[in-house]
Amino acid sequence: MRHWLIKSEPSSFSWDDLWKLPKRTTSWEGVRNYQARNFLRDMRVGDLAFFYHSSAEPNAIIGVAEIVREAYPDPTQFDVADSHYDPKSKREAPMWSTVDVRAREPLARPVTLTELRAAKGLEKMELLRKGSRLSVTPVSAAEWAVVCKLAITAGSGR
DNA sequence: GCCAACGTTGGC
DNA sequence: GCCAACGTTGGC
């Protein structure tokens, strides 16, 4: 089983939004970056993903989601009315993929970006790389464990 | 609101 | 194939 991290701006789609959906499940549509797309295609049913709030107050990993359906063509690429419409993509050869994710559980406590940066063992984490903008990134088993531990450790404040 | 970092586009 | 221009992301 592999681990991942998926980013979302809570102003457009938050952890709570996902939690309130039927079956707590959504299609992770709109990824338009080849590297991120390739990661989506590597995902398998049962893989777990941290749900990260970007451009948020605070920026933090807030919950754990599970992949419940593997990559399939992202319907928004063919939808002229959608902001993610891509005229270059053909139905015979879709360029973009999506997966279905289900909220599993919130972290006992959100782990903020500041805490992640300060943590031992996360130095190589893709999310923390300078200039990293990938909305879907792999997380190593060791990194996953470190974050889970941080979530159950009393943090500074809140 | 600013701006650095990055990916993409298009002219040549 | 190079690279300048542009648009976007996302932390601050």
Side-chain angles (χ1 to χ4, degrees), chain A residues 2-21 26-43 47-65 67 71-101 103 106-140 142-144 146-151 153-158:
Chain A
R2 298 189 65 182
H3 299 92
W4 309 92
L5 181 144
I6 55 178
K7 276 187 205 175
S8 186
E9 296 194 21
S11 57
S12 55
F13 187 79
S14 71
W15 169 260
D16 284 342
D17 292 334
L18 177 59
W19 193 260
K20 286 174 190 154
L21 288 177
T26 194
S27 177
W28 205 252
E29 295 168 342
V31 171
R32 294 294 181 271
N33 169 286
Y34 287 105
Q35 222 182 326
R37 179 205 67 182
N38 292 342
F39 287 139
L40 287 180
R41 291 180 176 177
D42 285 341
M43 290 177 168
D47 283 1
L48 298 179
F50 285 134
F51 193 107
Y52 176 80
H53 278 173
S54 62
S55 296
E57 192 47 56
N59 295 320
I61 294 174
I62 186 161
V64 173
I67 309 309
Y72 58 98
D74 180 342
T76 63
Q77 68 195 303
F78 305 121
D79 183 353
V80 194
D82 194 280
S83 62
H84 299 292
Y85 173 65
D86 186 347
K88 294 197 298 302
S89 185
K90 303 296 169 214
R91 286 192 182 269
E92 317 84 71
M95 291 174 63
W96 305 111
S97 300
T98 181
V99 299
D100 287 358
V101 299
L107 292 189
R109 185 182 71 79
V111 179
T112 66
L113 181 60
T114 310
E115 291 175 283
L116 292 170
R117 288 200 192 283
K120 265 233 161 82
L122 300 182
E123 294 82 4
K124 298 252 175 79
M125 197 171 178
E126 176 64 31
L127 173 76
L128 307 180
R129 266 197 40 229
K130 181 173 178 166
S132 171
R133 299 187 315 181
L134 280 177
S135 59
V136 180
T137 55
V139 173
S140 75
E143 290 162 351
W144 185 273
V146 169
V147 174
C148 289
K149 200 166 225 173
L150 285 174
T153 319
S156 50
R158 87 163 277 123

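For the numbers below, each heavy atom of this structure counts, side chains included, while hydrogens, waters and symmetry mates do not. Quick note on labels: first sequence line is chain A, next is B, and so on, each numbered from 1.
Scored by the side-chain hydrogen bond (donor to acceptor under 3.5 Å, both in side chains) test, A/Asp47 finds A/Trp4 as partners (sequence neighbours excluded). In this structure A/Ser97 satisfies the side chain to side chain contact (heavy atoms under 4.5 Å, CB included) test together with A/Arg37, A/Arg41, A/Ala71, sequence neighbours excluded. Evaluation of the side-chain hydrogen bond (donor to acceptor under 3.5 Å, both in side chains) rule for A/Thr137 yields no partner, not counting sequence neighbours. Checked against side-chain hydrogen bond (donor to acceptor under 3.5 Å, both in side chains), A/Arg117 has no partners two or more places apart in sequence or in another chain. Scanning for salt bridge (charged side-chain N to carboxylate O under 4.0 Å, His left out) contacts around A/Arg129 gives A/Glu126, with sequence neighbours left out. For A/Lys20, there are no salt bridge (charged side-chain N to carboxylate O under 4.0 Å, His left out) partners two or more places apart in sequence or in a different chain.
Applying the side chain to side chain donor-acceptor pair (under 3.5 Å) test to every pair with at least one member in residues 50-60 of chain A, sequence neighbours left out, gives no pairs at all.
Near DNA chain B, defined here as any heavy-atom distance below 4.0 Å, there are no residues from residues 47-55 of chain A. Within residues 116-135 of chain A, the residues having any heavy atom under 4.0 Å from DNA chain B are, by residue number, A/Lys130, A/Gly131, A/Arg133.
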Could you list the donor-acceptor pairs under 3.5 angstrom formed between side-chain atoms of residues 8-16 of chain A and any protein atom two or more places apart in sequence or on another chain?
unit_1  : atom_1 : unit_2  : atom_2 : d
A/Ser8  : OG     : A/Phe13 : O      : 2.6
A/Ser12 : OG     : A/Glu9  : O      : 2.9
A/Ser14 : OG     : A/Asp16 : N      : 3.3
A/Ser14 : OG     : A/Asp17 : N      : 3.0
A/Ser14 : OG     : A/Asp17 : OD2    : 3.2

Show the atom names and distances, to 0.1 Å, of all donor-acceptor pairs under 3.5 Å that link a side chain in residues 74-81 of chain A to residues at least two apart or in another chain.
unit_1  : atom_1 : unit_2  : atom_2 : d
A/Asp74 : OD1    : A/Thr76 : N      : 2.9
A/Asp74 : OD1    : A/Thr76 : OG1    : 2.7
A/Asp74 : OD2    : A/Gly30 : N      : 2.8
A/Asp74 : OD2    : A/Arg32 : NH1    : 3.1
A/Asp74 : OD2    : A/Thr76 : OG1    : 3.3
A/Thr76 : OG1    : A/Arg32 : NH2    : 2.9
A/Gln77 : OE1    : A/Ser89 : OG     : 2.7
A/Gln77 : OE1    : A/Met95 : N      : 3.1
A/Gln77 : OE1    : A/Trp96 : N      : 2.9
A/Gln77 : NE2    : A/Asp74 : O      : 2.8
A/Gln77 : NE2    : A/Trp96 : O      : 2.8
A/Asp79 : OD1    : A/Ala81 : N      : 2.9

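Here the OG-CG distance, from A/Ser132 to A/Leu127, works out to 6.5 Å after rounding to the nearest 0.5 Å.
Reading DNA chain B from its 5' end, the first and the last nucleotide to sit under 4.0 Å from a heavy atom of chain A are B/dA5 to B/dT9.
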